[in-house]
Each structure stands twice: as structure tokens, then as C-alpha cells.
Amino acid sequence: MEFLRPATWDEALAAKAENPSALPISGGTDVMVELNFDRHRPGALLDLNRITELTTWESGTYEGQEGEVIRLGSAVPYARITKELSGPLQGLSIAGNTVGSPQIRNRGSVGGNLGGASPAGDAHPALLAAGKDVFVEAESVRGTRLIAIDDFYVGVKRNSLEPDELIRAIRIPVADGPQQFSKIGTRNAMVIAVCAFGFALHPKNGTVGTGIGSAAPTPRRAAEAEQFLADELASRGLWESGGLIGPAAVQRFGELVSAAASPIDDVRGSAAYRRHALAVMARRTLTWTWNEYTQSLRSAAA
Amino acid sequence: MSARNSSTRTIRGEKNLQEITTAHPDGIGGSPLRPDGTLKVKGEFAYSSDLWHEDMLWGMALRSPHSHAKILSIDTTEALTQPGVYAVLTHEDIPGSKYYGLEIQDQPALAFGKVRYHGEAVAIVAADHPETARRALAKIKVEYEVLPPITTEEQCLDPETHGYVHEPHEYRGHASGNIVHSQKVVSGLGVNEDVRAMADVVVVGEYEVGMQDQAFLGPESGLAVPAEDGGIDLYIATQWLHVDREQVAPVLGLPENKVRLTLAGVGGAFGGREDLSMQIHACLLAQRTGKPVKIVYSREESFFGHVHRHPAKMRYEHGATRDGKLVYMDARIVLDGGAYASASPAVVGNASSLSVGPYEIPNVNVLAIALYSNNPSCGAMRGFGAVQACFAYETQLDRLAAKLGMDPVELRQLNAVSQGSHLPTGQVIDAPAPVAELLQKVKDLPLPPALDTTHLDIRELPGALSNTSHGEGIVRGVGYAVGLKNVGFSEGFDDYSTARVRLEVIGGEPVAMVHTAMAEVGQGGVTVHGQIARTELGVERVTIHPANTEVGSAGSTSASRQTYMTGGAVKLAAEAVRNELFNLGRSRYGWTYNDLSLIGGKVVSASAGVLISMVDLLGDQAIDLTREHHHRPTVPFDKETGQGFGHVQYTFCAHRAVVDVDVELGLVKVVELAAAQDVGKALNPLSVIGQIQGGSTQGLGLAVMEEIITRDGKVRNPSFTDYLIPTILDTPPQPVEILELADPNAPYGLRGVGEAPTLSSTPAIVSAIRAATGLALNRVPVRPEHITGT
């Protein structure tokens, strides 16, 4: 097996262009497990650890995205996202805090989750919920391509990257409302999600974001649930009043999230349990975020 | 427990009056640091997987992808021609016996004719690099004819229809068909309609225990080095060096004295290293190639490379009077032993004889069987047959209490055994059996505070950092359980231990050396042996000789027996050395004292004070003596009635579990797991607490997460990604209450500690989950979907 160690981003892109089958490795929290289990014997590993800009983030404004955006280097470890970005990337930082163990959170990154594109990746539901204008910055010697998050996941452990592309960064709009993330594991730490749910309120444009993990071949959005809730909030003037959503609408939202999933029975859990748990998590995360939102309205008024 | 970290004794003599501080704060009753502790914490301890030898090869096994198949052919030609490959062996290359086994020699060292479980080894390779070996394995062509696997109880019990795991002509078990062993226990009037009529209240339940894995962290590994005399030196992580040798030597076609074993660093065992794993394979490859061969299993291979805890299906029926006195118990316990016998017969012996739990029940009828199947082989695991039964009888006692409207602890106490009680085997408990007191101790502990929803730390909630609840859906429950476990090998087995103790002066100091073949698997035997030597010989310095087969057997590090048995042997050998030293003084100086002891490096007479230092008495002489320690004899259980003095010692632990359950999501957080155990005498209190907390945690794992999941005999979760064991966030505070009621038959009055806590923690936790949810929960591990009903 070849081990490529580019010193710069340009060298990395050149190496990837030359060895399109080279498997990028950064923290190694997924790749090394696959290697150790003998599931993969890639011809080459492309070590990105020398490229320091991948572990930095910056905020700014970008074309095609409203408001302030965090451009998150693909190898910024989860521990730093939780520590440094818990405000602007609230959902992702909560999701990052559920990843593996402290050791894994010190190494694992969003770029790895996206590269692996496992339906169980913890970052995906949070990214989906953060908005339709979340973009993966895919780069190759041919140039930069922005892939909308909704177009990124194309199959079980498959993404829409071209063979010569590497993930440079993820552009995520700064949270304009409360965000949450919940995941089910059969133990209280270090678990792969049985199923997971990301949720975000977007009061600026009157939408809500959802993301479902581990309950379909790919991470996916609960589009109907989003539409239902956005309509409900708008038609009842709740964004302005901060009034109670009410149990019926919360219940319905949960049902629609659950219906958006297409889970399977496997060793980690049954399909029926996944559907059930998604509904519960959807209700709870909606309640938490809505409480936070109404509190912020009240404190703004006070 | 009172602190005994240092002790001061005043010795009064006629001639000289002086105070002597005993020089062994690190003797028995103290908690000196483990000699291997710092190395292990710092990552510097050499485990068996760290072994290395110049010029060594790497061994690897090709394993069956099928749970049941005929082997039509094996073609190794292409693998052999790979550069860097030194040997590719199949059953045809075995020089000696093709079978081995702990109790019944029914397992092929390499499969021939048939494979009977998913992961059975078919061929082995030695190569210059693990990757070369892996590639060579891929070049071995095995032609299989896949057979329908025999995996369910119904299939196993109907071989006419579903076939035999071992054909009748090759059957080597103790029963027939697809049953490897069976044991009945009948006492009192047994259980019939007349007996049933004596009960006012009856509860019947069916219970299931999933297949738990020992999940030790150090994978199976070892190094076989061919010796000039044609023998093999094997460095190995195991639980019992001598029984490994007994099984390895015949396969190699070597006399036992040509197979020499030395213990390598063991990364946990819990029963999973009682059977052989890579021992024979490494030796065969070393024998063939003339080169040292190392084998290290990957984590995945480890799940196929050792036996597991028997999954069980149990039907229990209890009858009691209106006031809660147990009248009868009827039980049928079916254990799935998998493809090969391993320790199944002894597990059946335990499951049947301990099936009633620590209760007096006048009329009992029990049948326990172990099946042969095409599921993974099952054998020894901490608790050994008593764990499964404890889950069933403790659940029954809870249900009986509910039906009677009694407090579950009081019902248990009302029926608890005590010293002098008869067990259904006819054996009288002739040592303290403080079952009622242990239950009271955990009941009297203050309960942990209620969940504070105003200052939430989500790490304290079910789901923890997964952020599933901020207090919603959470219900607290409390549950109790107590168990009955034996110590040592049973049913007539003389599992003696040998110890050699050498006393000599080194660097102007008396030094004791303790040499045994005891496998240190983490239990702390090396610490305790030093403590015993210090106490018995009054020395400061003790060295522990590497464990090997140059000294006699120490028996297995299992059955909670090592401190009792090998500790007892060290005590005997040290006492013999002490007597020899006194005799030396008597013959040299004409002492006539009968009140001699060794304290602080000196020979002391209680009447005459200090006589001489050990350094002066010994000079350059060494006293080197070996002793065997045998426990009192036991007898096999009668096949039809289960009667017999079958067990060496009994041990008891009680638990109280407090859990928070997210009843909407089915997630569980064990808030506190309190234990009370009678240990007879805590030779090392810190280690005793560690054993109790560790055993309780393993029981917690079985209660809520640990299970090897199979389908058609195929293992679906052979990894720590999907075979979950408790993390620190799953492991609650564990207050431990220790009783020290001496067993007059045991060295220092001690009682084996390691297993009892593994029994009752599981049913206590599930009882607490039932209290929180109102659900029946007759199966462990309890999964979230069992709680949510989805």
C-alpha cells in the first residue's frame, strides 16, 4: 500500500488527481478501523495531516448563502467544533459531542463523516438541519465545486464527490435560531447511532430544518415534516407570538419525521424501534428548540 | 470493614522487653499496590501480543464462513507457492491426536470432514509477515457443501428430523443425540400434583439469557518457539498452563515434558481463556517450520476464537404458602453449548445444583441440559451456569412477592439459607451463609438522591451525551437480587494447587521467592502471593517467579478459586519453609521454644523475645520447599437425583440496583449499583472491592447491552462496534459492603470473591427496570425495543 503525504493542499490535489483511488485519511477514526478489520485494502492512503489549513475555520459571507457563514475546514476535529463553535454551529456541535469517545472526538472530523458518507455519521443530520444552503466545498486540480448538502449523499456510503476531488471545507450558515441533535445508542457513550435526528429553527426565513440519520440508506431530510411545521408556525403567527405549538402539531411533526425514514432491522435495532424513536426525538428536539426560541423572544422584549 | 493497613504488636519477653513493629503492612489484610499495576496504567506492561522473537513467523488461521458444512476438499497449493509463506497446514499434517477438549476431546484441532460452527479453523499458515499470511489464506481453496444449520432447541432435540451436530458414531458427549450433558436434581418429594397442592400461590415463568462474551481486551496471542530437544516452548496468555499442556502435547505427538509453557502477559480472561485458542496452531507451525511462530488474533477473530457464555432458555415454577414460605420449585434449564463440549458438562452441573439460589425449598425438581448445536461454542464465563439460573429464580422471587403482596426483600429473607441449611443436592452449608444479612445491608444503604431536573447534567441521564432527554420520560426504579455461587472445581475434581517458596539472603536481606504456575489474568494473585509470603515469613521483600510448567499445576484461574487454592498452597509452602528455618535454629542453637514466629526479619519467641535475625540464621543457605494444596474432597452428583457433596464452598452476594429509565425511548441509566458480599476474609480489601465492582459491571453489561447475536449460527456482531460493553458513563457508583465471616475450611477463612457479584447484579438491574416500567422483561439483555414495545 502506498502512503502519500502531501505537504500542501495543492500537492494533495495533485496526488489525488494522479491516484484517484487513494483513500484520504486524516484522524483515521473510520479509515483505520476499516483497515484493521481487513474490509479495505486501498492501493494508496492520502494523508492530509500535514495540511494545516484543513484544521482551521473562518467566518464570512459567501455567494449563494445568506448572512454569515462558517467555512469549516474539513479536518477540524469534533472536540474543537464543540468547544469553539457551539454558538454559530449549535446543532453540529451537539452532534459532535455525541461522536465516539473524547479520544475519537479529538481526531474525528466532519470531512471524515462526509467522505465515508455512512448513514450513521453523526454530523449528517445536523448539516441537513442547518439548511438547504449548506455546501460541501469539493476541490480538485480542475477547480472548486460547491455541492449542496441535499445533493451530497447519493447511496449507502456513497457521496457525489468525483474521484479526483477532496473535501476542502464545509460552508454552514451561522445558526439564526436554536438547533438540536439527538441520537439513540444502546449504551450511554461510544455508540454508533441506532438512529439520530437533527433539528433547527430558522426564524429568519421562517423555515425549519431536519436531518435523519441511520434510518435510511442515506442521511435524509424529513421534507414533509419541515413543510408541515413551517406552515403551522407561519399560519398561526407563532414565529412572532412565541406561543405554544401545542401537542397536536408536535405529535404530527413527530409522525411525519418518522414517516420520512425507511429504516431496516439490524443488529443495532429494529426498524419499528427506529421509527418510534425518531418520532420521540423529533417531538423532544422541537420542544427544546421552541422553548429556547420563545425565551429569546421574551428576553428580547424585556 | 476495619482498616488493617498497618498493625502493631507488642512482644513481651522475660529477658528483654521491647516493642517490635510488625514489618508487613503489606501482608494479608493490607492493600499493597499491584506489582504490575503501574506498568499496566502506563501502557508499559508486556502482553502476550507484544511477544517478539528474532526470525519469528506469523501464524494465521483460515476459518469457516459457514456454521454447518461438509468439507469436500482443501487445496493449499497456490497458498504454498506465495513468496514468504513457510507452511500451510490442514488436519492431514497433524502428527498426533486430531482432537482436543477441556473435558471431552471432541474438537478437531483443524476441521476435517465437517465444520460445525461459523469461524471454525480449517487451515493454518505461517508467513514472514501478517499481511503475507493474510494473502496466503485467501489463496487456500476450500470446497464446502453447505448443510442446514441445527441451531434451535427444537431442532437440536429432534435429530431424526434435523440431523446430528456429531453423528452418533462420532459422538463423544455424556448423553446422546444433540445433548452433550444433562443433570437432574430431585429433593424432598420432588414436584408432583400432591406437592403442587400444598402451595397456595404458584408463579410460572419462561426466561431467556442471551449469549454474553467475556470481551477481554487482550486478544488471544502467544509465541511458540521450537527447542533443540524437539520440544516446544510456548509463551502464552491462558488461565491454566498445565491443562493447556495436557491438550496441546498429544496433538503435537510429544510427551508432556517436551511441551513447556510460560505465562505471557494476560489481558483479561473471565473464562474465555480456559479453552485453547491459538496454542495448538502456533505449536504445529513452529514444529513444521523449525522457527518461532507468533499468532495474534484480531478483535474480530477473537470473537470466533473463544467460547462464550451459554445462552439459556429456562422454565421456572415456584409454589409458596400464603405467608410466603417456598414449598416447591420445578425448573428446566436448557443451555446452548454450541458445536463442541468445552466446559458444558461442568456448566450444567453448576446450573442444576445452584438452580434454586440461596433459598430453602423443601421440594425440588430440576433438569438442566446443554445442547450440541451449530451455534458458537459456549463454555466458561464468570459465574459459570449460575448466572443464567440466578436471572430466572430472582425474577421468580420478585413475581412471587408481587403476587403475595410482600416486600421482595422480606420474601427473600424469609426463605434465605443460613449456616446449616440443606441445599437440594443434600449438601449442608457448613460455613456462614449470611444471605438475609447481605440483603439487609444493601437495603439499609441510603438511596441516591432523586434526579435533580433543575440542574441537569445530561451525562447522568439515560442516553447521556447522546442528548435524548432533558428529563422527559424518565422514571426511577429500584430492584434487589441475591445469588448462590460455588468456589473451586466441583463434582469430585481434585483441582489442587502447587506452590514453591524459597527463602534466602540476598543483598543482606531475607528474600522470599514464590513460584507457582498460577495464571495472573488481572485478578491480583501476584499481589496476594506476596502478601501471604510477607505474613507467613516476616520478610519485606518477596519476588514472584514467572509462572511456568517447571513447577506443579496451580489449577485454573477460574471458579473464584485462585486465592483459596494457590494462595492456600503458598501459605502451606511458606509455613513449611518457616518450620524448616525454626528447625535449623533448633538444631544449631538447641532452642526448645514452642512459641516461635517470624516478625520483621527476625525469629521471635513470644516468651523470650528476639532470638536471631533471619539473615544470621540463614547465612548463605536457601530453604526451598514445594507444597500442594488440596481442598476437601467432593463427589459427583448422582445422575438421576443430583444428590452429593458436590461443591467445595459457597459464596453469596446481594445487590440493590437503582435505575433511571427513559420509558419513551427505552434507554437505561443505572444510577447506583450497591453490593454486599461475604468474603470470609479480605486478604486484599482493595482488590476485593475491585473484584466485586468488576463482576457487578459485567452483570450490568448482560442486563442491558451485551449479546452476541447470531442468525442461522452466524455471528452478526463480532466487533466492539456492535458488541457493546459498559463504558464509564454506563458504570455507576458502586458502594460495597463487605462481611468477613470466616469459613473454617478455607485458608485464612477466605471465600472466593470474583464470580458471586456477576450473578445478582443482572437480575437486580432488570428488577429495577421492571419497577420503573411495569414490564415483564423475561429476557436479558433488555434492549430499548423491549421497553418501548416496538
Side-chain angles (χ1 to χ4, degrees), chain A residues 1 30 33-34 36-39 41 82 91 93-102 105 120 122 180-198 254 258 263 265-281 283-285 287-288 291-292, chain B residues 131 134-135 137-138 298-301 458-473 662 664-670 700-701 704-711 715-731 781-790:
Chain A
M1 186 190 304
D30 262 342
V33 175
E34 298 273 297
N36 284 334
F37 271 104
D38 207 13
R39 296 218 180 93
R41 281 287 180 272
T82 302
S93 103
I94 298 171
N97 208 29
T98 75
V99 171
S101 61
R105 294 196 284 274
D122 292 319
Q180 277 292 346
F181 174 88
S182 270
K183 104 177 180 193
I184 302 288
T186 35
R187 74 178 163 196
N188 290 314
M190 285 185 72
V191 274
I192 307 242
V194 172
C195 56
F197 185 67
S258 175
D265 289 319
D266 66 13
V267 290
R268 291 178 193 151
S270 67
Y273 175 76
R274 287 181 160 106
R275 282 194 190 279
H276 166 80
L278 279 170
V280 175
M281 289 191 292
R283 295 198 300 261
R284 289 185 182 177
T285 51
T287 307
W288 300 337
N291 284 345
E292 196 182 330
Chain B
E131 189 66 25
R134 194 176 289 124
R135 288 176 192 177
L137 291 184
S298 68
R299 177 58 56 195
E300 181 170 289
E301 190 171 18
I458 62 167
R459 288 174 301 181
E460 307 291 327
L461 300 179
L465 292 180
S466 291
N467 193 40
T468 46
S469 170
H470 294 171
E472 302 94 330
D662 184 331
E664 272 190 289
L665 287 174
L667 302 176
V668 175
K669 167 86 180 177
V670 182
L700 184 159
V704 294
M705 62 182 83
E706 292 191 41
E707 183 175 10
I708 289 185
I709 299 168
T710 61
R711 182 193 286 160
V715 178
R716 300 175 69 204
N717 57 338
S719 76
F720 281 159
T721 307
D722 286 312
Y723 183 89
L724 301 182
I725 56 176
T727 70
I728 192 66
L729 279 184
D730 303 283
T731 309
V782 175
R783 297 173 62 97
E785 48 263 54
H786 299 156
I787 295 173
T788 60
T790 49

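Chain letters run A, B, ... following the sequence lines, proteins first and then strands; every chain starts at 1. Since the structure is predicted, the reported quantities are computational estimates derived from the model, not experimental observations.
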*asked:* Quick one: does any side-chain atom of A:Ser182 pair with a main-chain N or O of B:Asn467 as donor and acceptor, under 3.5 Å?
replied: yes
*Only one of B:Ile709, B:Ile708, B:Thr721 passes side chain to side chain contact (heavy atoms under 4.5 Å, CB included) with A:Val267; say which it is.*
B:Ile709
*Counting N and O atoms only, with roles assigned by atom type, does the side chain of A:His276 sit under 3.5 Å from a partner on the main chain of B:Glu664, one being a donor and the other an acceptor?*
yes
_Counting heavy-atom pairs closer than 4.5 Å to chain A, which one of B:Glu472, B:Glu300, B:Arg299 comes out on top?_
B:Glu472
_Main-chain N/O of B:Asp730 paired to A:Asn188 side chain as donor or acceptor, under 3.5 Å_ = no
_How close do B:Pro718 and A:Phe37 get, counting heavy atoms only, and between which atoms?_
O-CE2, 4.0 Å
*With only heavy atoms counted, which part of B:Arg716 is less than 4.5 Å from chain A, the side chain, the backbone, both or neither?*
both
*Side-chain contact, heavy-atom cut-off 4.5 Å: B:Pro726 with A:Arg187?*
no
*Out of A:Ile192, A:Asp38, A:Ile94, A:Asn36, which one racks up the most heavy-atom pairs below 4.5 Å with chain B?*
A:Asp38
*Checking heavy atoms, do the side chain of B:Arg134, its backbone, both or neither come under 4.5 Å from chain A?*
side chain
*Roughly how far, to the nearest 0.5 Å, is CG of B:Asp662 from CD1 of A:Ile184?*
7.5 Å
*Using non-hydrogen atoms and a 4.5 Å limit, figure out which bit of B:Glu131 sits close to chain A: side chain, backbone, both or neither.*
side chain
*Can you tell which part of A:Asp122 gets under 4.5 Å to a heavy atom of chain B, answering side chain, backbone, both or neither?*
neither
*Give a yes or no answer on whether the side chain of A:Arg284 reaches the backbone of B:Thr468 with a donor-acceptor pair at less than 3.5 Å.*
yes
*Give, for atom CE of A:Met190 and atom CG of B:Leu465, the distance between the pair rounded to the nearest 0.5 Å.*
12.5 Å
_Looking only at heavy atoms and a cut-off of under 4.5 Å, which of B:Ser469, B:Gly789, B:Pro781 has the most pairs with chain A?_
B:Ser469
*State the CG-OG distance between B:Leu729 and A:Ser101, to the nearest 0.5 angstrom.*
10.5 Å
*Would you check if A:Arg41 and B:Arg135 make a side-chain contact, meaning some heavy-atom pair closer than 4.5 Å?*
no
*Does the side chain of B:Glu785 come within less than 4.5 Å of A:Asp265's, by heavy atoms?*
no
*Can you tell which of B:Asn717, B:Thr788, B:Val704, B:Val668 has the highest number of heavy-atom pairs within less than 4.5 Å of chain A?*
B:Thr788
*Could you tell me which portion of B:Ile728 (side chain, backbone, both or neither) has an atom closer than 4.5 angstrom to a non-hydrogen atom of chain A?*
neither
*Checking heavy atoms, do the side chain of A:Val191, its backbone, both or neither come under 4.5 Å from chain B?*
side chain
*Proximity breakdown for A:Arg275 and chain B, heavy-atom pairs closer than 4.5 Å*: neither
*So what's closer than 4.5 Å to chain A heavy atoms on B:Leu665: side chain, backbone, both or neither?*
both
